[in-house]
Trainee: 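Next up is a structure, given as structure tokens.
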There are 2 protein chains.
Amino acid sequence: MAKKKKREGKTTSKIFDDHDHGICFDDAIDQIENYFLKKNLQFTPLRRKVFEILIRDHKPLGAYEILEALGRDGFSSSPPIAYRVLDFLMEHGFVHKIQGLNAFIACSHPNHSHSPAFVICRKCEKVAEVDEKKSGISFASPNIDNFEVEKTTVEMTGVCTTCSRAATI
Amino acid sequence: MAKKKKREGKTTSKIFDDHDHGICFDDAIDQIENYFLKKNLQFTPLRRKVFEILIRDHKPLGAYEILEALGRDGFSSSPPIAYRVLDFLMEHGFVHKIQGLNAFIACSHPNHSHSPAFVICRKCEKVAEVDEKKSGISFASPNIDNFEVEKTTVEMTGVCTTCSRAATI
DNA sequence: CATAACATGTTATAACATAACACTATCAGT
DNA sequence: ACTGATAGTGTTATGTTATAACATGTTATG
Ligand SMILES: [Zn+2]
Ligand SMILES: [Zn+2]
Ligand SMILES: [Zn+2]
Ligand SMILES: [Zn+2]
């Protein structure tokens, strides 16, 4: 497995930052492969392809965009294909859904359970998955008045620095 | 305007609690009327009806459910009717969208700008809009690494006490 | 009353998602 | 290897959510 490049002190993640994506991509594939192996799950060509499509550009993709990509790569491209694989990958935490965009994105922090939070630029539509703890979002209190929270959706929409600089020029 | 019944110390809001809904309903209509008056906006019969439909049961409703209700009340029930009015009411903060349900709900805390957070029971589909400050969610830091956050989506899905008690019987 | 703006109505279609069933591959136990 | 069970993929059809584009009506203003 390739060596990790840690970036301390940053709160947004690699999506808005430069990074060595070759390493990033390989690491991600490694991680998912190992996870599937350990859990005795099948990392089939279809599942691999969907994950690759998603992590390729760290971009949120709609199910139908994924289907097109699958079609181009010789897989079936009828809707259930994508939705089933996406559901599966989401169950295991390797893909998240961005509710505000009806789109799916590869997880940036796999291998440890987490409640993801997303920062979404409404101009360039780039999305960063941020770690709650680092982000200054203290999304505390999983228990609200005895309500048992099982899942959280946290999305922050706005404008990223690149886009806001571009606008003021 | 009807007198307010304040409930201190509670973290979930009226949806999961008993409350005098007659007063609640009238208050809500008063507030939206006053707001529209002050801002010189038209509180048309259609807009009023949509808001009434939503606040009637504090229940999240899909756009097409709202359309049905509109149809029953003699209004047109083609999709753009609902979506336009909902967009308008959302712009002014009287309605929120629950992304996890593709549904719309009347605001529980109008008259002051806020970033709503929602507690959603996946069994009974009741939804409570909680106040960030009271809920123990401190959803702090609107600025993440210079990203200018304009809007937040916070939804917590789980099981409410009523449903979880019912399940264990 | 002209006219600009806002609001509503209508038709068509786009975009997102699932149901139901058929077929194939993989794996365990015989 | 045969058998049945489970999991994965393929296919068709349909359901659900949302918007585009344009027509008509309504209201405020000069
Ligand atoms: Zn990368
Ligand atoms: Zn993640
Ligand atoms: Zn009420
Ligand atoms: Zn609200």
Side-chain angles (χ1 to χ4, degrees), chain A residues 32 35-37 39-54 59-92 94-105 122 125 153 155, chain B residues 32 35-54 60-92 94-105 122 125 153 155:
Chain A
I32 191 168
Y35 175 93
F36 275 47
L37 205 64
K39 295 258 184 179
N40 268 304
L41 301 166
Q42 303 180 50
F43 194 43
T44 62
L46 177 61
R47 287 169 180 173
R48 172 188 291 269
K49 178 57 71 181
V50 169
F51 185 72
E52 283 177 358
I53 289 166
L54 282 173
K59 244 182 58 183
L61 296 175
Y64 283 72
E65 291 178 286
I66 293 167
L67 282 168
E68 279 175 39
L70 286 175
R72 283 193 295 272
D73 287 350
F75 291 86
S76 162
S77 62
S78 41
I81 295 291
Y83 285 105
R84 277 194 296 235
V85 173
L86 289 167
D87 283 349
F88 179 85
L89 293 173
M90 283 193 289
E91 263 171 40
H92 294 281
F94 291 96
V95 166
H96 301 298
K97 180 168 186 182
I98 308 296
Q99 295 283 0
L101 300 173
N102 291 325
F104 303 86
I105 193 165
R122 67 172 163 74
E125 291 218 337
T153 299
E155 297 177 7
Chain B
I32 192 169
Y35 176 92
F36 276 48
L37 205 65
K38 203 168 62 192
K39 295 257 184 176
N40 269 306
L41 300 167
Q42 302 181 51
F43 195 42
T44 62
L46 177 62
R47 288 169 179 174
R48 172 187 291 267
K49 178 57 70 180
V50 169
F51 185 72
E52 283 176 359
I53 288 166
L54 281 173
L61 296 174
Y64 284 74
E65 292 178 286
I66 293 167
L67 282 168
E68 278 176 38
L70 286 174
R72 284 194 296 273
D73 287 351
F75 291 85
S76 162
S77 61
S78 42
I81 296 291
Y83 285 104
R84 276 194 295 236
V85 173
L86 288 168
D87 283 348
F88 179 85
L89 294 173
M90 282 193 291
E91 263 171 40
H92 294 281
F94 290 96
V95 166
H96 301 299
K97 180 167 186 183
I98 308 297
Q99 295 283 2
L101 301 173
N102 290 325
F104 302 86
I105 193 165
R122 68 172 161 75
E125 291 218 335
T153 300
E155 297 177 9

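This is a predicted model, so every value here is computed, not measured. Just so it is clear: chains get the letters A, B, ... in the order the sequence lines come, proteins before strands, and each one is counted from 1.
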Trainee: For A:Leu46, report the nucleic acid contact type (base, sugar-phosphate, nothing); a contact means any heavy atom under 4.0 Å.
Mentor: sugar-phosphate
Trainee: Quick check on C:dC16: is either OP1 or OP2 less than 4.0 Å from any side-chain nitrogen or oxygen of A:Lys97?
Mentor: no
Trainee: So, do B:Tyr64 and D:dT16 meet the stacking rule of ring centres under 5.5 Å and planes under 30°?
Mentor: no
Trainee: Report the distance from atom CZ of A:Phe43 to atom P of C:dA25, rounded to the nearest whole Å.
Mentor: 20 Å
Trainee: Select base, sugar-phosphate, or nothing to describe what A:Thr44 touches, counting heavy atoms under 4.0 Å on all strands.
Mentor: sugar-phosphate
Trainee: Figure out the CZ/C1' separation between A:Phe104 and C:dC16, and round it to whole Å.
Mentor: 9 Å
Trainee: How long is the line joining CG of B:Leu86 and C1' of D:dA18, in whole Å?
Mentor: 11 Å
Trainee: Quick one: is B:Ser78 getting a side-chain N or O under 4.0 Å of the C:dT11 phosphate, OP1 or OP2?
Mentor: no
Trainee: Name the pairing partner of D:dG30, where a pair is Watson-Crick or G-U wobble with both distances under 3.5 Å, or state none.
Mentor: C:dC1
Trainee: Is there side-chain contact between A:Asp73 and A:Lys49, with at least one heavy-atom pair below 4.5 Å?
Mentor: yes
Trainee: Quickly work out the B:Leu37 CG to D:dT27 C1' distance and round it to whole Å.
Mentor: 16 Å
Trainee: In whole Å, I'd like the distance from the CD1 atom of A:Ile66 to the P atom of D:dT9.
Mentor: 15 Å
Trainee: Is there side-chain contact between B:Val50 and B:Ile81, with heavy atoms separated by less than 4.5 Å?
Mentor: no
Trainee: Mind listing the closest non-hydrogen atom pair of A:Phe88 and A:Arg47 along with its distance?
Mentor: CZ-NH1, 3.5 Å
Trainee: Between D:dT19, D:dG10, C:dC6, spot the one nearest the side chain of B:Pro79, thanks.
Mentor: D:dT19
Trainee: Let me know the distance between CG of A:Asp87 and C1' of C:dA17, rounded to the nearest Å.
Mentor: 10 Å
Trainee: Please confirm whether the shortest side-chain N or O distance from B:Asn102 to OP1 or OP2 of D:dA18 is below 4.0 Å.
Mentor: yes
Trainee: Would you say D:dG10 has OP1 or OP2 under 4.0 Å from some side-chain N or O of A:Arg84?
Mentor: no
Trainee: Which class fits the ring pair B:Phe36 and B:His92: parallel under 30°, tilted 30 to 60°, perpendicular over 60°?
Mentor: tilted
Trainee: For B:Leu67 and D:dT16, what is the distance between atoms CG and P respectively, to the nearest whole Å?
Mentor: 14 Å
Trainee: Has the side chain of B:Tyr83 got a donor or acceptor atom sitting under 3.5 Å from an opposite partner on the base of D:dA20?
Mentor: no
